[in-house]
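What follows is a short report on a single structure.
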Amino acid sequence: MTFSVAVAGASGYAGGELLRILADHPDFEIRTVTAHQNAGHPLIAHQPHLRSLAHLALVESTAENLSGHDIVFLALPHGKSGEIAAQLPAETLVVDCGADHRLEDAADWAAFYGGEHFGAWAYGVPELQVGDGRQRENIAGATRIAAPGCNASAVSLALAPGIHAGLVEEQDVVAVLAVGPSGAGKSLKTMYLASEILGSANPYAVGGTHRHIPEIQQNLRKAGATAPTVSFTPVLVPMSRGILATTTARVKPGVTPEQVQATWEAAYADEPFVHVLPAGSVPRTADVLGSNTVLIGVALDEAAGRVVTVLAIDNLYKGTAGAAIQSANIALGLDETTGLAVNGVAP
């Protein structure tokens, strides 16, 4: 069976990555691509790398244009997905790559985003530990899925095994991320200009203001935490895509390096896309670019009494589009690896 697909926000980075992956998916057929200010343009004018989709033209991002498809992927700014999704048929599988349906708590939404809270959908990180199970169990059969924030999924996957196993303290989690500016979309802002980024590292959203913080806390609670605290600092670095997340947390007394390594390895032993590296190894962003793969290195800093995780992820692929498509596969009963790459691109 072939499923018809529409992608809203197709002229942006997330929309382009969705289309790049979907173009080679054996069970999905891209029929409609939409945009806002770029409506009426050929898709290839904004995504010139998508040569196999040169026949498509962008139309307005309206519920009318998106209706009538089996699957709709929304790659829209926050506040926009919720409005359109509410008008789509209940039987349509809708996957939101924006933030509108990630947070369960309306107070968190008000504090970090503002505006109308559209409610939470099934969260699109299949590998996330939820109690003694995995989030994929909540995705199967769903018709509404919220793809994750790329930074949030990185920190959550890095720390969830230690939280679930009771090896680490949930208070005083510290995460510092080196991130590529593509995660912010095609925003024409000074801080994202090449002349500002090249040769420089630029912290932003410092002091607990980043919008992914409540999402991380929500995920850690699902893994077993009660009231986690997270100090989160992202740093823009001169690479177009990728996240290198260094996350640390206090360990409980008596925890050994061997126990830490074994816990993380066991947590992801059966996961096709999340791989824990051997003890003493840490990943690079270059190792995961262009793939749905997550690489994690873990160590115990015995002098400081903290576990240290280093996680690499492609923010546009596994961080956004790949997670959305992987979740759609699960929701539809397909093999969740269908159409997704485990091998990266190098150099």
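Side-chain atoms of Asp70 come within 3.5 Å of backbone N or O of Ser4 as a donor-acceptor pair. Side chain of Gln326 to backbone of Pro126: no donor-acceptor contact under 3.5 angstrom is found. Between the side chain of Lys186 and the backbone N or O of Ser11, at least one donor-acceptor pair lies under 3.5 Å. Between the side chain of Arg144 and the backbone N or O of Val95 there is no donor-acceptor pair closer than 3.5 Å. The main-chain N or O of Ile216 is never found under 3.5 Å from a side-chain atom of Asn219 such that the two would form a donor-acceptor pair.
Ile145 and Leu66 fall into different hydrophobic clusters, where Ile, Leu, Val, Met, Phe, Trp and Tyr residues are linked whenever their side-chain heavy atoms come under 4.5 Å apart, directly or through other members. Under the 4.5 Å side-chain heavy-atom criterion for Ile, Leu, Val, Met, Phe, Trp and Tyr, Val310 and Phe232 are members of distinct hydrophobic clusters. Placement of Val179 and Leu159 within a single hydrophobic cluster is found when ILVMFWY residues are connected by side-chain heavy-atom separations under 4.5 Å, directly or transitively. Residues Val94 and Phe118 do not share a hydrophobic cluster, defined by chaining ILVMFWY side chains whose heavy atoms lie under 4.5 Å apart. Cluster annotation: Val288 and Leu244 are assigned to distinct hydrophobic clusters (Ile/Leu/Val/Met/Phe/Trp/Tyr, side-chain heavy-atom contacts under 4.5 Å, transitive).
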Please assess Asp27 against Met1 for the test side-chain contact (heavy atoms from CB on, under 4.5 Å), listing each intermediate value before the final yes or no. CA-CA 7 Å; Asp27 300 306; Met1 177 179 179; over 6 Å; no
Run the side chain to side chain donor-acceptor pair (under 3.5 Å) check on His117 and Asp108 step by step: do they pass? CA-CA 9 Å; His117 179 238; Asp108 283 341; over 6 Å; no
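For the residue pair Asn65 and Thr62, a side-chain donor N or O sits within less than 3.5 Å of a side-chain acceptor on the partner. If you check the side chains of Thr320 and Asn315, you find no donor sitting under 3.5 Å from an acceptor. For the residue pair Gln218 and Asp105, no side-chain donor N or O sits within less than 3.5 Å of a side-chain acceptor on the partner. A donor and an acceptor atom, one from each side chain of Asn343 and Ser291, are nowhere located under 3.5 Å apart.
Of all non-hydrogen atoms in Trp121 and Ala146, the two that sit nearest each other are CB-N, 3.9 Å. For the residue pair Ser67 and Pro89, the shortest heavy atom distance occurs at OG-CD, 3.8 Å. Considering every non-hydrogen atom in both Ser240 and Ser182, the closest pair reads O-OG, 2.7 Å. Across all non-hydrogen atoms, the minimal contact from Glu170 to Thr226 is OE1-N, 2.8 Å. The shortest non-hydrogen separation linking Ala154 to Ile313 is CB-CG2, 4.2 Å. Across Lys252 and Gly166, no two heavy atoms sit closer than the pair CD-O, 3.1 Å.
For the pair Arg241 and Glu17, the salt-bridge criterion is met [side-chain N within less than 4.0 Å of a carboxylate O]. Classification of Arg221 and Glu104 as a salt-bridged pair fails, no side-chain N sitting under 4.0 Å from a carboxylate O.
To the nearest 0.5 Å, atoms CG (Asp314) and CG (Leu295) are separated by 11.5 Å. The CD1 atom of Ile243 lies 6.5 Å from the OG atom of Ser153; values are rounded to the nearest 0.5 Å. In this structure, CD1 in Ile330 is found 5.5 Å from CZ in Arg136, a value given to the nearest 0.5 Å. Leu50 contributes atom CG, which lies 6.0 Å from atom CG of Leu19 (distance to the nearest 0.5 angstrom). Considering CG of Leu193 and CG of Leu198, their distance stands at 10.0 Å, rounded to 0.5 Å. Atom NE2 of His275 is separated from atom OG1 of Thr293 by 5.5 Å, given to the nearest 0.5 angstrom.
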Mind listing the side-chain donor-acceptor pairs of residues 72-84 below 3.5 Å, one per line with the distance, residues two or more places apart or on another chain?
from	atom 1	to	atom 2	distance (Å)
Ser81	OG	Asp96	OD1	2.8

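The 12-atom threshold is exceeded at NE2 of His46, counting heavy atoms of other residues, nucleotides or ligands nearer than 6.0 Å. Counted within 6.0 Å of CD on Glu64, heavy atoms from surrounding residues, nucleotides or ligands total 12 or fewer; the atom is thus considered open.
The side-chain hydrogen bond (donor to acceptor under 3.5 Å, both in side chains) with Arg306 is formed by just one residue from the set Asp301, Thr248, Thr247; it is Thr248.
Taking the six-membered ring where tryptophan is involved, the planes of His212 and His210 are perpendicular, since the angle between them exceeds 60° and thus also 30°.
In this structure, the side chains of Leu236 and Pro181 come closer than 4.5 Å at one or more pairs of heavy atoms. Proximity of Tyr123 to Asn138: side-chain heavy atoms (C-beta onward) are nowhere separated by under 4.5 Å.
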